[in-house]
Structure formats: C-alpha cells, structure tokens
Amino acid sequence: MKKLTLFLIVLFVAKANAQIQVKINDKPIAANATVAAGEIKKMVLNLAKPVVLKPNSVGKARLYVELLGTDNKVIEGYTYEKEGNNELDGLLKNVKNTYTVYQEGGENKTFGFTLNAPPTLKAVLEQASTNPINKLVKVKVSLMFSDKTIDAFGVVHYGYRYDLLPVFQFNIKNENTDGSIALLEVGSTFSSATATQVKYVRQEKYKGFFYDQVNPIFTNNDVVKCHLEGEKYYATLLFNLIDTKNKTQDECLADLKNSLETFLRSMSNQCNKNISRDLPSVTFSDWDKVIPCSVNDKIVIPSLDGKSNKSYLTETILKPADLGQLKGLKFNSIVTKPNCGFTSGGTWGYANIYFLKHPKNNKQIIMVFATKQEVKETVETAKAAEDRINLFLSAQKF
C-alpha cells in the first residue's frame, strides 16, 4: 500500500511538472548558477506551478535547504516541515507561497536549523569562509515526503523520505576578499596576517560543554571553536561568553578567579591527604570540562603541589592579561601527573585559561581556554603555545 501511495504521489507530481524556484534579491536564478555571497541581500523559495496531490496522504512534508562545502560535508541546513493530512498541498497548491531563507537585517523566522550555526545565512557563510574548502558552497533545495503509520501499540513511525521534485542546486562563491575572519558570537575579527595560523573556526552550542547537565559556572551561549594550525603545532581554542548578570565585569572576574584558583589547588593536591583535607571543598564537575580531571585521572599544576612547593598557598595563579583590546586575567601552565596510587608522575600536557572583559559589552566576560594532553610537552613547548595564543588574542579587533 505504501509503495502504491508513493507511486500515485510521484505520478501526480510528475504530471503537474512542478518546480522549485529560488530567488536571490527578488530575481529567479537558474539551476547550477553561481552567485557571490556578498551580493545576497535576500533569498526566498517558492514552487513555480500549483500542484494538487491525490490521494490524501498522511505524513510529513519537508522543504529542505542544504549548504555543503566542496568536500560534500554539510555546513548548515534549513528545514520547513508540515505534518498532517495531505500537507503537501499546503506547500504546493498556492503559487503565492514563499519561504524566506534570508533577508538582510533580520533572522530566519521560517526555517528551523539542522545544526547549531549562527542565526542568518550571512553569518553562516562568513563563518564557513574560514575554511578553504568552503570557498564555493553548494546549495541544494529539495522537497521530500515521509509516510506516517501508527502500529498496534500506538507508536508513530515515519517511512523513508522520498524526493517529490527534482533537487534544485546552485552555488555560492564564498571567498573572503580582505582575508579577515570573524568570530561571530564573540563579536571580533582578526587580520589576514593572523589568519594564516587558523585552520578553521566553528561555532557550536554545548549544554554544559561535554556533558548533559548545565554547568553552573558557564552559560548556554554558543561556544566558538577556533583551530590554530602551523607547521609544527596545532591547538584548539574554545571561546565562551559568560554573562555577568547583576555584577560588574570586575566583580565577575574576581568570582571566577577565586573559583578557579580554589579548584586548581584542590586538584593539584588530591594525593596529598594532609593538605587536601584543609583546603576548601570543591565540586570538580564545575571545572573538569575545562581541565579534564577525575578520581581515576589525577593531574597536577606543579607550582600548586604542596609536597614540592611549600609556598603553594601564596603562589600567584591567575595573572593580569593585557592583550590588545582584551584585558583581564590569564592562567598558563604545564600540567603533570602526580606520584600517587597507580600513577608514577610524568607530563600530562598544558592548560591555558583566560577571563577577559568584553570590550563592547560590559555585561559579558570572554572566557578562552585551550588544554592539550601531550606526554612529550615541555615547559618550553608549553610556553611557545602560550605565546601563540597570546598573539592570536592580541590580534582580535572589536
């Protein structure tokens, strides 16, 4: 029955010869045409010819816009769905129906996102342009349908998505002419000279970063991943915007400083029972998304290990950061394994954490962190990583 229904639907659609039409700046474009990203002020979809489908079909209709790089990996997807009886009629029969993907000055209100990208097509393309494989973006527009069935237990099932119309494809030339790259959620750009260090930038939304629960220290803002890559190095920086709420930036910095320093001292003395019992109680899950540590994977900041440094309580941990337009606090250190339990010491890697006042928004702190687990790390290589990160942060323009 499903196959017969599908055959009848496809037959009626084919006879009606309906087509997907894409308009850029209110002008229809031809299939396989190439348009420049900077010229797109408006992008809408409609269906050029009316279609009435028979028989009535129960299921889900899906109008989908897919953006792909030259590697055929999805950059972003925009989805508009209708569900019910013969919902395809709602998409097809009225030639006046238009579906706005992008309009300059506003966010997309019609389509839902497939991924967690920025809210506008322009922002998606700007972000994608940081990766050379996205200098030409393929856009595929399709109309699909899934049959809906309900089994004997009342469970709803949707069948395979079938293309009801030929996929409409065109290209967007997405070259960045001035060589600058934008960290869109952060609100900064950096120059082409610095861009030579950057492999790509991707903005992702985490809920409590790598865990399901919401981290109480951080926020639900998008986290920006920026990948620095040189001839002999690779580092991933994560940017997170922390809302100060009812505090000033300085008050928020002070709270973050106290929380992180308390955690680092406690973390570095997990094996030192005589010391750890006198330290303030710390919930490790608040910070182990930044510096991964656990009962079974203990790590140490050498200068905060009470066994090897008797002055660990007075050790300066977070230091002032003055990085171009960014001012605040920073922590940079090599990380080692402790000599306790089943571990026998040695190098774990390095950690770099920054709390920086947002230059254009006094209600936000920009948190930047980069940790790398590498047993061959040395004090010298960790310092080189810190210098590269400092150079990159100093190049940010707001």
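Nothing here was measured: the structure is a model prediction, and the numbers come from that model.
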Residues two or more places apart in sequence or in another chain: which of them pass side chain to side chain contact (heavy atoms under 4.5 Å, CB included) with Thr262? Asn258, Pro280, Val282

Side chain of Asn309, backbone of Ser311: donor and acceptor closer than 3.5 Å? yes

Between Asn390 and Tyr354, is any side-chain donor less than 3.5 angstrom from a side-chain acceptor? yes

For the residue pair Val101 and Val22, establish whether any side-chain heavy-atom pair is separated by less than 4.5 Å. no

As a quick check of understanding, evaluate side-chain contact (heavy atoms from CB on, under 4.5 Å) for Leu356 and Ile365, giving each step before the final call. CA-CA 6 Å; Leu356 306 164; Ile365 297 295; 5.8 Å; no

Closest heavy-atom contact between Met144 and Asp163? CG-OD1, 3.3 Å

Between Asn269 and Leu304, is there a donor-acceptor pair closer than 3.5 Å when you use the side chain of the first and the backbone of the second? yes

Any sub-3.5 Å donor-acceptor pair from Ser266's side-chain atoms to Phe263's backbone N or O? no

Short side-chain to backbone donor-acceptor contact, Lys82 and Arg62, under 3.5 Å: no

Measure the shortest side-chain to side-chain distance between Phe355 and Leu318 over non-hydrogen atoms and say whether it is less than 4.5 angstrom. yes

From Gln325 atom CD to Lys397 atom NZ, the distance as rounded to the nearest 0.5 Å: 5.5 Å

Apply side chain to side chain contact (heavy atoms under 4.5 Å, CB included) to Asp322 and list each qualifying residue two or more places apart in sequence or on a separate chain. Lys327

Can you list every pair that meets ring pair (Phe, Tyr, Trp, His ring centres under 6.0 Å) and has a residue in residues 300-333, with sequence neighbours left out? none

Please determine whether residues Val300 and Val335 belong to a single hydrophobic cluster, defined as Ile, Leu, Val, Met, Phe, Trp and Tyr linked transitively by side-chain heavy-atom distances below 4.5 Å. no

Any chance you could measure Thr378, atom OG1, to Lys383, atom NZ, to the nearest 0.5 Å? 12.0 Å

Given side chains that start at C-beta, do those of Asp151 and Thr149 come closer than 4.5 Å, heavy atoms only? no

Quick check: do Lys23 and Thr98 have side-chain heavy atoms less than 4.5 Å from each other? no

Begin with the C-alpha distance, continue with both residues' side-chain angles, and end with the deciding distance and a verdict on side-chain contact (heavy atoms from CB on, under 4.5 Å) for Ile301 and Glu315. CA-CA 11 Å; Ile301 306 303; Glu315 187 76 23; over 6 Å; no

All heavy atoms of Cys226 vs all of Phe239, minimum pair found to be CB-CE1, 4.0 Å

So CG of Leu260 and CG of Asp255: to nearest 0.5 Å the spacing works out to 12.5 Å

Main chain of Val186, side chain of His358: is a donor-acceptor contact present, judged purely on distance under 3.5 Å? yes

Are any of the side-chain heavy atoms of Leu125 and Leu67 separated by less than 4.5 Å? yes

Look at the side-chain heavy atoms of Ile, Leu, Val, Met, Phe, Trp and Tyr, link any pair under 4.5 Å apart, and say whether Tyr102 and Val35 land in one connected group. yes

Run the side-chain contact (heavy atoms from CB on, under 4.5 Å) test on Val156 and Lys148 for me, step by step, so that the C-alpha distance in whole Å, both residues' side-chain angles and the decisive distance to 0.1 Å come before the verdict. CA-CA 7 Å; Val156 175; Lys148 177 181 177 180; 3.6 Å; yes

Taking all non-hydrogen atoms of both residues, which atom of Ser308 and which atom of Pro302 are closest, and how far apart? OG-O, 3.7 Å

Side-chain touch Phe392/Leu323, heavy atoms, less than 4.5 angstrom: no

Under 4.5 Å between any side-chain heavy atoms of Leu45 and Phe111, yes or no? yes

Tightest non-hydrogen contact, residues Phe369 and Ile353, listed as CB-CG1, 4.1 Å

Counting N and O atoms only, with roles assigned by atom type, does the side chain of Thr244 sit under 3.5 Å from a partner on the main chain of Lys363, one being a donor and the other an acceptor? yes

Beyond-backbone contact of Lys73 with Ile133, side-chain heavy atoms, under 4.5 angstrom: no

Please step through side-chain contact (heavy atoms from CB on, under 4.5 Å) for the pair Leu326 and Phe398, ending with a clear verdict. CA-CA 9 Å; Leu326 294 169; Phe398 291 81; 3.6 Å; yes

Spacing of Ile366 atom CD1 and Leu241 atom CG [to the nearest 0.5 Å]: 6.0 Å

Asn272 side chain to Asn274 main-chain N or O, any donor-acceptor pair under 3.5 Å? no

If two hydrophobic side chains count as joined below 4.5 Å and joins carry through other members, does Val290 share a cluster with Leu253? yes

For the pair Glu66 and Lys140, find out whether any cationic side-chain nitrogen is under 4.0 Å from an anionic carboxylate oxygen. no

Could you tell me whether a side-chain N or O of Thr120 sits under 3.5 Å from a main-chain N or O of Ala123, the two making a donor and an acceptor? yes

When you measure from the side chain of Glu251 to the backbone N and O of Asn246, does any donor-acceptor pair fall under 3.5 Å? no

Do you know the tightest heavy-atom contact between Ala370 and Ile389? CB-CD1, 4.0 Å

Between CG of Asn174 and CG of Leu136, what distance do you get to the nearest 0.5 Å? 8.5 Å

Which residue pairs pass the salt bridge (charged side-chain N to carboxylate O under 4.0 Å, His left out) test when at least one of the two sits in residues 256-269, sequence neighbours left out? Lys257-Glu261

Under a single-linkage definition using a 4.5 Å side-chain heavy-atom cutoff for Ile, Leu, Val, Met, Phe, Trp and Tyr, are Ile29 and Tyr99 assigned to the same hydrophobic cluster? yes

Would the number of heavy atoms belonging to other residues, nucleotides or ligands and lying under 6.0 Å from NZ of Lys122 be above 12? no

To check you understand the geometry: which heavy-atom pair defines the closest contact between Ile275 and Gly306, and what is its length? CD1-CA, 3.5 Å

Side chain to side chain contact (heavy atoms under 4.5 Å, CB included) partners for Leu391, two or more places apart: Gln197

Mind checking the CZ-CG spacing from Phe145 to Leu63? Nearest 0.5 Å is all I need. 14.5 Å

Could you state whether Phe170 and Val44 fall into the same hydrophobic cluster, counting links through intermediate Ile, Leu, Val, Met, Phe, Trp or Tyr residues with side-chain heavy atoms under 4.5 angstrom apart? no

So does Met267 get a backbone contact from the side chain of Gln270, meaning a donor-acceptor N/O pair under 3.5 Å? yes

Residues two or more places apart in sequence or in another chain: which of them pass side chain to side chain contact (heavy atoms under 4.5 Å, CB included) with Glu377? Thr347, Tyr350, Lys372, Glu374, Thr381, Ala382

